Each structure stands twice: as structure tokens, then as C-alpha cells.
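Remarks on the structure that follows.
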Number of protein chains: 2
Amino acid sequence: MTIAPPVERKLIEQIVREIILAQVGGPPGKPNLVVSVSARHVHLTDQDVETLFGPGHKLTVAKDLYQDGFFAAEETVMVVGPRRRMLPAVRILGPTRPESQVELAFTDGISLGIDLPVRASGVIDGTPGCVLVGPKGVVELKKGAIRAERHVHMGPSDAAFYGVKDKDRMNLRVASGCGVVFNQLLVRVGKNIKLEVHLDTDEGNACDIDHASSVELIKV
Amino acid sequence: MTIAPPVERKLIEQIVREIILAQVGGPPGKPNLVVSVSARHVHLTDQDVETLFGPGHKLTVAKDLYQDGFFAAEETVMVVGPRRRMLPAVRILGPTRPESQVELAFTDGISLGIDLPVRASGVIDGTPGCVLVGPKGVVELKKGAIRAERHVHMGPSDAAFYGVKDKDRMNLRVASGCGVVFNQLLVRVGKNIKLEVHLDTDEGNACDIDHASSVELIKV
């Protein structure tokens with residue numbers, strides 16, 4: 001069921017695992033549901049890319065992500081927590097953004113000694129910071145270390161199919177040997193966006209998403 | 001809501017986090033439900049304790065666990081995976097057992113390069129092994145590396161309250177900012193056993209169990 005290039009498991013883990021499950025037996029027109037597991041990653045501003053990797057540096061695409069225009073970069077950075085514990089090589093996702101942000105699972109946060117708030121991507125006021133170390137420089141983020149709130153991206157036709165609108169909440173049922181229902185996924189509707197759930201590695205591992213027999217979005 | 005001694009968070013994480021939530025508003029006699037998060041840990045035979053820590057060595061109690069007679073030991077071992085990746089200090093739980101066993105979360109297994117099967121504790125035939133390194137010796141386990149299947153321990157009166165029997169399945173609903181329903185917990189009924197759910201760190205982190213507002217066992 002796993003759609004992934006034949007690269008080493010650890011590399012996939014470092015980027016994004018995507019699980020695509022055909023919705024067999026559903027009503028006509030039911031959209032295919034993709035559940036992606038985002039491992040810890042960093043979003044950077046253009047300025048922070050240059051500080052970490054050198055003047056004029058641009059991110060290099062290593063792997064296109066499921067949503068058009070987004071990619072995992074070749075570049076990684078060291079993420080250092082407040083007690084000088086660190087993760088040596090955290091993947092950068094592109095394109096660059098107006099604010100830098102570090103998305104970690106709670107397991108990572110405990111390891112680093114960062115008490116992560118759960119936030120929607122981009123909503124980082126009042127969040128803890130951390131230090132990023134690249135080959136050419138260091139960035140001290142004053143804020144931006146979060147656990148991304150679980151969410152589902154979709155286009156207008158998907159939203160119409162499920163009968164939901166932007167900022168609604170839905171549940172996700174994962175059937176596997178370790179089945180789980182995740183409550184209250186944030187719905188994010190946008191034009192030209194494909195239907196895709198984003199979980200973090202704690203969530204993906206809790207339900208053994210790699211071996212899921214079915215996934216289902218449920219309106220609440 | 002967290003009942004824990006005032007020790008450093010990492011230490012608690014290394015042992016067992018216990019979340020006790022009073023069941024307010026329930027029917028009379030409803031038992032208190034304890035949800036414990038077991039971080040990665042090792043069970044050892046007497047022989048393996050002696051190999052790793054020296055002839056005649058006995059495990060030292062560091063912290064009593066919720067179930068009477070069980071404890072987290074002072075001793076830790078290095079766990080080495082097949083690609084020589086390792087976890088430097090994995091806690092040993094006592095007392096000793098007839099077979100040694102290493103219980104890891106999927107996050108740990110991915111880090112070590114071990115594809116963990118999900119097993120009930122003690123059911124380890126056909127499971128992968130790993131290498132344990134202690135201060136006085138090395139043990140090469142031929143089997144015993146598992147992800148413990150999520151489960152709930154209870155006594156006969158708890159089983160009567162919920163209307164379940166040994167080896168039945170129940171669901172666990174966790175309400176939090178990242179709420180989850182865990183399906184199909186294995187019910188294990190025994191005399192003189194306290195009501196206690198065991199999750200691993202992936203599961204506990206997926207639902208932010210440390211900040212849960214309520215937990216509920218549901219008969220299926």
C-alpha cells in the first residue's frame with residue numbers, strides 16, 4: 001500500500017512517508033485519500049538559508065512532495081535544544097517562507113528538552129525557539145518550534161464531497177493491527193490543493209500507518 | 001493530573017509515566033483508571049543480568065511501578081541494532097523473567113533499524129533479536145525485540161464492572177488537545193492486579209496523554 005521510491009527506509013523517514021489508500025466501495029466520486037507522515041523538518045526564510053548555507057544559496061530539490069510546488073530539500077540542519085541536546089540532520093522543506101519554523105514530534109521535543117506547543121503551521125507567536133546550525137553559519141530562532149496540529153488539506157470539490165468548510169474539524173479512522181481514530185483534524189481548504197492528511201511520526205507510528213488496511217475521514 | 005515524583009522529565013520518560021484520572025460522574029463503584037506510558041525498556045533473565053553486570057549481580061530497585069512487585073531498576077543497558085545504530089541507556093524493568101525481551105516504540109525501531117512486530121509481552125517466537133551491552137558483558141538476543149501490543153491490566157472486579165473477560169478487546173478514549181481513540185486494547189485479567197492501561201511513547205505522545213482531560217475505557 002505504501003507509495004514510495006525504492007530508497008532506504010531511513011531516508012523516507014527523514015522526509016515524508018505517503019500512504020495512499022483507494023477508497024473501495026465508496027460512493028461514486030469519492031476522492032482518493034492520501035495520509036502523509038511528516039517526519040521532523042524545518043521551514044526557512046531566504047535570509048536563514050543564506051545564513052546557514054552561505055550568501056546566495058538556494059535550496060536544492062531532493063524529492064517533490066505530494067502537493068504541487070512543495071519539496072524536500074537536499075539540505076539538512078542541526079537542531080540544538082536548550083540543554084545542548086541536538087538532532088544532527090533535520091530535513092529542510094521548501095519553498096522558503098516568510099518565517100522560519102521547526103516542526104517536531106513530541107518524541108523529538110522530549111529528546112531535545114523542548115516543551116512543544118501544538119500549533120497550526122505558521123501560527124508561532126509565543127512558541128519556544130531553538131538553535132539551527134548549518135555548514136556556513138548559525139541561526140538562533142526566538143520562536144517557531146512547534147508540534148504541527150494534525151490536519152487535512154483539501155480542494156473545494158473535496159470539501160463539498162465531505163460537507164465541510166475551511167477550519168472545520170474531522171476525525172480520521174485508521175484500521176490496522178494498532179487501529180486508532182484521530183479526533184479533531186483541522187480542515188484546510190484551498191484552490192489547487194490535493195486531498196491529504198498530515199500526521200507526525202508519533203501519530204503515524206502509534207497507528208502503524210505503514211500497514212494500514214484502510215483510512216477514512218469522518219465528518220463530526 | 002500527572003502523578004509523578006519531582007524528578008527530571010527525562011528520567012520519568014526513561015521509566016514510566018503514569019496518568020491517573022479520577023472518573024468523576026461515573027456510576028458508583030467505577031474503578032479509577034490509570035494510563036501508564038512505558039518508555040522503551042528491557043526485561044532480563046537472571047543469567048543475562050549476570051552476564052551484563054557481573055556474576056551474582058541482582059537488579060537494584062530505582063522506582064516501584066504501579067503494579068505491586070514490579071519496578072524500574074537502576075541498571076540500564078545499551079541496545080544495539082543490526083546496523084550498529086544504538087540506544088545508549090535503556091532502562092531495565094524488574095523482576096527478572098524466564099526470557100529476556102526488549103520493548104521499543106516504532107520510533108525507536110526505525111532509529112535502530114529493527115522492523116518491530118507487535119506482540120503481547122512474552123510472545124516472542126519469531127521476533128527479531130538485538131545486542132545488549134552492559135558494563136561487564138554482552139548478550140546477543142536471538143529474539144525478543146517487540147513493540148508491546150497496547151493492553152489493559154485489571155482484576156476480576158474491574159472485569160465484572162466493564163463486563164469483559166481475559167483476552168477480550170476494549171477501546172480507550174483519550175480527550176486532550178490531540179484526542180485519540182485507541183482501538184482493540186488487549187484485556188488481561190489477573191488476581192491482585194490493578195486497573196492500568198499500558199501505552200508506548202508513540203501512543204502517549206500521539207494523544208498528548210500528559211495533558212489529557214479525561215480517559216475512558218469502552219467495551220466493544
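Note on naming: letters A, B, ... go to the chains in the order of the sequence lines (proteins, then strands), and numbering restarts at 1 for each one. Just so you know, these numbers come straight off a predicted model, no measurement behind them.
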**Message:** Go through it in stages, so that I can follow the logic: the residues are B:Val181 and A:Val180, the test is side-chain contact (heavy atoms from CB on, under 4.5 Å), and I'd like the CA-CA distance, side-chain angles, deciding distance and then a yes or no.
**Reply:** CA-CA 6 Å; B:Val181 178; A:Val180 157; over 6 Å; no
In this structure, CG of B:Asn183 is separated from CZ of A:Arg173 (nearest 0.5 Å) by 6.5 Å
The side chain to side chain donor-acceptor pair (under 3.5 Å) partner of B:Thr107 among A:Asn205, A:Thr201, A:Asp108 is A:Asn205
So, the part of B:Gln184 with a heavy atom under 4.5 Å from chain A: the answer is neither
To the nearest 0.5 Å, atom CG of A:Leu116 lies from atom CG of B:Asp208 at 10.0 Å
Given B:Gly177, B:Cys207, B:Cys178, the one with more heavy-atom pairs under 4.5 angstrom with chain A than any other is B:Cys178
The side chain to side chain donor-acceptor pair (under 3.5 Å) partners of A:Arg97 (sequence neighbours excluded) come to A:His43, A:Ser121
